S.K.: 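Before I ask anything, let me first share the structure, which is written out below as C-alpha cells.
Computed from a predicted model, the values in this text were never measured in an experiment. Every chain is numbered from 1, with letters handed out A, B, ... down the list of sequences.
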There are 2 protein chains.
Amino acid sequence: MSQQRHGSTSGNGARAGAVSAFPDLPEATIARLPEYLRALHNLGEGGADTISSEGLAAAAGVNSAKLRKDLSHLGSYGTRGVGYDVALLIEQIEYVLGLDQRRAVCLVGVGNLGHALAGYDGFASRGFKIVALLDADPAKVGERIHGLIVRHIDELPAVAVEETIAIGVIATPAGAAQAVADELVTAGVTSILNFAPCVLSVPANVDVRKVDLAIELQILSFHEHRKASLTALPGGRSATGAGNQEAVGS
Amino acid sequence: MSQQRHGSTSGNGARAGAVSAFPDLPEATIARLPEYLRALHNLGEGGADTISSEGLAAAAGVNSAKLRKDLSHLGSYGTRGVGYDVALLIEQIEYVLGLDQRRAVCLVGVGNLGHALAGYDGFASRGFKIVALLDADPAKVGERIHGLIVRHIDELPAVAVEETIAIGVIATPAGAAQAVADELVTAGVTSILNFAPCVLSVPANVDVRKVDLAIELQILSFHEHRKASLTALPGGRSATGAGNQEAVGS
DNA sequence: AGGCGCTTGTGAACGCGTGCACAAATCGCG
DNA sequence: CGCGATTTGTGCACGCGTTCACAAGCGCCT
Ligand SMILES: NC(=O)c1ccc[n+]([C@@H]2O[C@H](COP(=O)([O-])OP(=O)(O)OC[C@H]3O[C@@H](n4cnc5c(N)ncnc54)[C@H](O)[C@@H]3O)[C@@H](O)[C@H]2O)c1
Ligand SMILES: NC(=O)c1ccc[n+]([C@@H]2O[C@H](COP(=O)([O-])OP(=O)(O)OC[C@H]3O[C@@H](n4cnc5c(N)ncnc54)[C@H](O)[C@@H]3O)[C@@H](O)[C@H]2O)c1
C-alpha cells in the first residue's frame, strides 16, 4: 500500500497572502517543461533571441496550443505579436524546476548500468552533480570512475552528512532495490530514480520515478503485433498506423 | 510536424466477422500490462497458483479496480470468488503484447550507454534478442561484446536482410540520432526506442518511444523544490506531501 | 440443496488533459 | 496616429482515464 499518485490535490493551494504561492502546475505540464527547456537551449545556442509558440512547439515535438497553455501556467512571459524571450523563458523554467540550485545526486549500484550513468555528462550539463558512487561489492569499492571513488554502501549516512543529497539513483539488481531505497530514505533522501524492475514502497513524502527498459520494449512489441495483424487484414496498405512520440524519461 | 499520438482512433475497430478482432486496448492499459506480467512471473515463481486482483494489484503497485478494468479489456480470464489463474493470465498478456514470438532488437551506438545495454540480460528474459550491434566509430567495429561483434552502421541494410528487425534502439549522441533513425526506417524498422535527448521525425507508421534520464531528474528536482518551499511555510510538518510511483520505462 | 462469503466484471460519475477557436494585446508601417 | 498583421493567453467542449460502488457469479460449507 502507500503508493499513491502525485496528486497535488491537497486543497492548500494558493492562500490569499503572497507568501510563496508555489505554482500548482498540472503533472502533465511539469513533465513537458524539461523538453521545452532543452529545445530552448538548442534555439538559444542557434542564436535565436525570441521564439514563437509555434516554433518552440515544433522543436519540442508538441502541439502549439498545448505549449501555450503549459507556459501560461507559469505566468505571462510572452509578448503578443512577437513570441517568447528565449533567455527569460529559460530562466523561468529553470527556476520553477528548481534547477537554479545544483542538486546533488547519489548513485547506488556501480555495475553495468551504473558505470554508464556515472560517466554520463548529461547530468552536469542539466544542473545535477553526482556526489557519490556507492556499491556493496568490496571488489568495486575503491575503484575510481570519472574522478569519483566508489565507496561502500554502509557509508551512505556519512555521505548524507557531508552533502545534502537531493536525489538517489538506484542501479542495483531488483532484489536489492527495496533495501537500498530504505537506506536512502533513512539517510534523508526524498527523491529516488529507480532503474531496477520492481515496485518500491516508500513513505508518502518520498517521490519515486521508475525507468524500465523492458516495459518500453514490450509496449513497442505490442504495437508491432498490432500493426502486423492489421496489415494482414483487408484494409489496404498503411495509412491506418499512427506515428507517435511518447515522452518517457532520459 | 508528423508526430501525432498513438491514437488508435481509427474507426476500423472490430468488424462483425471474427477475423482477428485485435483488442482495441487503451494506451494507458497496455503501458501497465508489462508491469502486471512481471508481477505475475514473480508470483508464479513463488509458487502461487491463482491470485486475486487485490494481491496482483499490490504486487504491481496499482489500484485493484484499475487492474480489474485493465484485465477485463483482454476478456474474462478470472474466476469470481477465486481470482486469476496465474499461468493462464501470463499466457494471455504475453500473447496480447506479442511476446509469444521472440523479437529481434538492433542496437545502434555502442558507447557508454550502449555497452551497458548490450550486456543487459533483462532483454533475453523478456522475450527480446539483440541480433546486431552497430556503430560508426571504426575503433569500435570488430569489438566483441557478450558474444556479438560490433559491425559498422553501413551494414544496417545487410543486417535487416539477414533477420527481420522488430525494434531499433538508438544510443548515439543526440546529433546523430535523427540520421540513425532515418537509416533504421529505410531498413524497414517500424519501432524505435530512443535514448538520445532529442525529438525524432519519423513516418506516421513508425512508433517511437523515448527514454530521457535528464527529464526524470528534472521532474524529481521540481518536486524537491516544491517540497522545500512547502516545509518552509506555515502549514506544519509533512502530511501534505504525496508519495508516488510513476511508471516510465525500463 | 441452499445459503454464505468472497471476488470478478462493469455501469456510472468525476476529474484531468487536450485541442479548438477566438478575443486581447503588441508591433510595425504607412 | 491608426490600421492590419501577428501571436499570445484562455474559455469551452470533448474524450480518456480513474475510481467508486455494486450486481452477478463462483466455490465451499453445512
Ligand atoms: N544494464 C542495463 O542496460 C540495464 C538496463 C535497464 C535496467 N537495468 C537494471 O538496472 C539494474 C542494474 O543492472 P546492471 O546490469 O548494472 O547490473 P549489475 O549486476 O552489473 O550491477 C549491479 C551492481 O549493484 C551492486 N549491488 C548489489 N547489491 C547492492 C546493494 N545492496 N547495495 C549497493 N550495491 C549493490 C552490485 O555490486 C553491482 O555492482 C538491474 O536492476 C537491471 O535490471 C539494467
Ligand atoms: N551514458 C548514459 O548514462 C546516458 C544516459 C542517458 C542518456 N544517454 C544518451 O545516450 C546517448 C549515448 O550516450 P553515451 O554516453 O553512450 O555516449 P557515447 O559517446 O559514449 O557513445 C555514443 C556512441 O555512438 C556512436 N555513434 C556516433 N555517431 C554514430 C552514428 N551516426 N551511427 C552509429 N553510431 C554512432 C559513437 O561512435 C559512440 O560509440 C547520448 O545521446 C546520451 O545523451 C546516455
S.K.: Mind calculating the distance between CG (B:Leu71) and P (C:dT8) to the nearest angstrom?
M.R.: 9 Å
S.K.: Quick one: list whatever passes side chain to side chain contact (heavy atoms under 4.5 Å, CB included) with B:Pro26, sequence neighbours left out.
M.R.: B:Thr29, B:His73
S.K.: Heavy atoms under 4.0 Å, any strand shown: does B:Thr29 hit a base, just sugar-phosphate, or nothing?
M.R.: nothing
S.K.: Tell me the bend of the helix from C:dA1-D:dT30 to C:dG30-D:dC1 as the angle between end helix axes, each from five pairs, rounded to the nearest 10 degrees.
M.R.: 0°
S.K.: Of all residues at least two apart in sequence or in a different chain, which pass the ring pair (Phe, Tyr, Trp, His ring centres under 6.0 Å) check with B:Phe123?
M.R.: B:Tyr120
S.K.: Between A:Val211 and B:Glu216, is there a side-chain heavy-atom distance shorter than 4.5 Å?
M.R.: yes
S.K.: Quick one: pull up CD1 in A:Ile219 and CG in B:Leu33 and give me the separation to the nearest 0.5 Å.
M.R.: 9.0 Å
S.K.: Side chain of A:Glu27 only, please: which of C:dG17, C:dG9, D:dT8 is the nearest?
M.R.: C:dG17
S.K.: Rounded off to whole Å, could you give me the CG-to-P distance for the B:Asn63 and C:dT8 pair?
M.R.: 13 Å
S.K.: If a pair satisfies ring pair (Phe, Tyr, Trp, His ring centres under 6.0 Å) and one of its residues is in residues 202-221 of chain B, list it, with sequence neighbours excluded.
M.R.: none
S.K.: Just jot down the side chain to side chain contact (heavy atoms under 4.5 Å, CB included) partners of B:Thr190, sequence neighbours excluded, or say none.
M.R.: A:Glu224, A:Lys227, B:Asn205
S.K.: For B:Arg68, enumerate each residue passing the salt bridge (Lys or Arg N to Asp or Glu O under 4.0 Å) test, keeping only those at least two apart in sequence or located in another chain.
M.R.: none
S.K.: Atom CG of A:Asp70 and atom C1' of D:dG9: how far apart are they, to the nearest Å?
M.R.: 13 Å
S.K.: Does any pair with a residue in residues 203-222 of chain A pass ring pair (Phe, Tyr, Trp, His ring centres under 6.0 Å), and if so which ones, sequence neighbours excluded?
M.R.: A:Phe222-B:Phe22
S.K.: Could you give the CG-to-C1' distance, from A:Leu67 to C:dG19, as a whole number of Å?
M.R.: 13 Å
S.K.: Between the base of C:dG19 and the side chain of A:Lys69, is there a donor-acceptor distance below 3.5 Å?
M.R.: yes
S.K.: Is there any salt bridge (Lys or Arg N to Asp or Glu O under 4.0 Å) pair reaching into residues 69-91 of chain A, and which pairs are they, with sequence neighbours excluded?
M.R.: A:Arg32-A:Asp70
S.K.: Report the distance from atom CG of A:Leu74 to atom P of D:dT10, rounded to the nearest whole Å.
M.R.: 12 Å
S.K.: Among residues two or more places apart or on two chains, list those pairs meeting salt bridge (Lys or Arg N to Asp or Glu O under 4.0 Å) that have a residue in residues 169-186 of chain A.
M.R.: none
S.K.: Does A:Arg68 have a side-chain nitrogen or oxygen under 4.0 Å from the phosphate oxygens OP1 or OP2 of C:dC20?
M.R.: no
S.K.: A:Glu54 has an atom CD; how far is it from atom P of D:dG9, in whole Å?
M.R.: 14 Å
S.K.: Identify which nucleotide among D:dT19, C:dT18, C:dT8 has an atom closest to any side-chain atom of A:Lys66, counting heavy atoms from C-beta outward.
M.R.: C:dT18
S.K.: Do the side-chain N or O atoms of A:Tyr84 get closer than 4.0 angstrom to the phosphate oxygens (OP1, OP2) of D:dG9?
M.R.: yes
S.K.: Give every pair of a protein N or O atom and an N or O atom of nucleotides 23-26 of chain D that lie under 3.5 Å apart, one pair per line with the distance.
M.R.:
{"from": "D:dA24", "atom 1": "N3", "to": "B:Arg80", "atom 2": "NH1", "distance (Å)": "2.7"}
{"from": "D:dC26", "atom 1": "O4'", "to": "B:Arg80", "atom 2": "O", "distance (Å)": "3.4"}

S.K.: Using a strict heavy-atom distance below 4.0 Å, which residues from residues 46-53 of chain A are in contact with DNA chain D?
M.R.: A:Ser52, A:Ser53
S.K.: Report all side-chain donor-acceptor pairs from residues 38-47 of chain A shorter than 3.5 Å, counting only partners two or more places apart or in another chain.
M.R.:
{"from": "A:Arg38", "atom 1": "NE", "to": "B:Pro197", "atom 2": "O", "distance (Å)": "3.4"}
{"from": "A:Arg38", "atom 1": "NH1", "to": "B:Pro197", "atom 2": "O", "distance (Å)": "3.4"}
{"from": "A:Arg38", "atom 1": "NH2", "to": "A:Glu35", "atom 2": "OE2", "distance (Å)": "2.6"}
{"from": "A:His41", "atom 1": "NE2", "to": "A:Glu94", "atom 2": "OE2", "distance (Å)": "3.2"}

